[in-house]
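Everything below concerns the one structure shown next.
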Amino acid sequence: MNTINMLTDAPVMFAAVYVSPIVVTDSQEAFRELTRCAERYALEFTGVLPGEIPGVQEARQFFRAIGIDPTKRRLSSEALLLRSIKRKGIDPVNNLVDVGNWCSLEFLL
């Protein structure tokens, strides 16, 4: 079995950001950006298998490295990507969740 050193060999870099204060609202600005990103991916990747999209394999590799089987638990970024490609739409929640979804889709993390 190939062991990955989580600090040096992982296909991602870890970071922490402290933001204060966080104000949760029903603002649609982040949702509009999420929708634009989803539309861009729909245009770019329609007809492409998810595993062939840059970033998806790396995210799956990371899941495997931390002991999660990506064939049994789909990554949220991949789920958002598939919804985007299939043009199923993504529902707005609030500015905090929408920003998280937007970042997840934009960076496929």
Give the intermediate values and the outcome of side-chain contact (heavy atoms from CB on, under 4.5 Å) for residues Leu109 and Cys103. CA-CA 8 Å; Leu109 297 173; Cys103 290; over 6 Å; no
For the student: nearest non-hydrogen atoms of Ser104 and Ser76, plus distance: OG-OG, 3.5 Å
Can you tell if the side chain of Val93 reaches within under 4.5 Å of the side chain of Asp98, non-hydrogen atoms only? yes
State, with a plain yes or no, whether a side-chain heavy atom of Arg74 is found less than 4.5 Å away from one of Pro50. no
Do you reckon Leu105 sits in the same ILVMFWY cluster as Trp102, going by side-chain contacts under 4.5 Å, direct or chained? yes
In this structure, CG of Leu81 is separated from CZ of Phe45 (nearest 0.5 Å) by 7.0 Å
May I ask you to check whether over 12 heavy atoms, not counting those of Glu29, lie within 6.0 Å of atom CD? no
How many angstroms lie between atom CG of Asn101 and atom CZ of Phe31, to the nearest 0.5 angstrom? 9.5 Å
Heavy-atom pair of closest approach, residues Arg60 and Pro70: O-CG, 3.8 Å
Mind checking whether Leu108 and Tyr41 have side chains closer than 4.5 Å, heavy atoms only? yes
Between CD1 on residue Ile22 and CG on residue Leu96, distance to nearest 0.5 Å: 6.0 Å
Can you name the nearest heavy-atom pair linking Gln28 to Asp26, along with the distance? NE2-O, 3.2 Å
Leu80 and Phe63: same hydrophobic cluster, using ILVMFWY side-chain contacts below 4.5 Å? no
Provide the closest heavy-atom pair for Gly51 versus Gln57 in the form atom of the first, atom of the second, distance. O-CG, 3.3 Å
So, Glu39 and Arg36, do they make that salt bridge, N to O below 4.0 Å? no
Are Cys37 and Phe107 side-chain neighbours, meaning at least one heavy-atom pair lies under 4.5 Å? no
Spell out, yes or no, whether Ile90 and Ile85 are grouped together once hydrophobic residues are joined by side-chain heavy atoms under 4.5 Å, including indirect joins. yes
Is it true that Arg73 and Glu78 make a salt bridge, defined as a side-chain N closer than 4.0 Å to a carboxylate O? no
Is Val17 linked to Val24 within one hydrophobic cluster, defined over Ile, Leu, Val, Met, Phe, Trp and Tyr using a side-chain heavy-atom separation of less than 4.5 Å? yes
Rounded to the nearest 0.5 Å, how far apart are OG of Ser84 and CD of Glu44? 12.0 Å
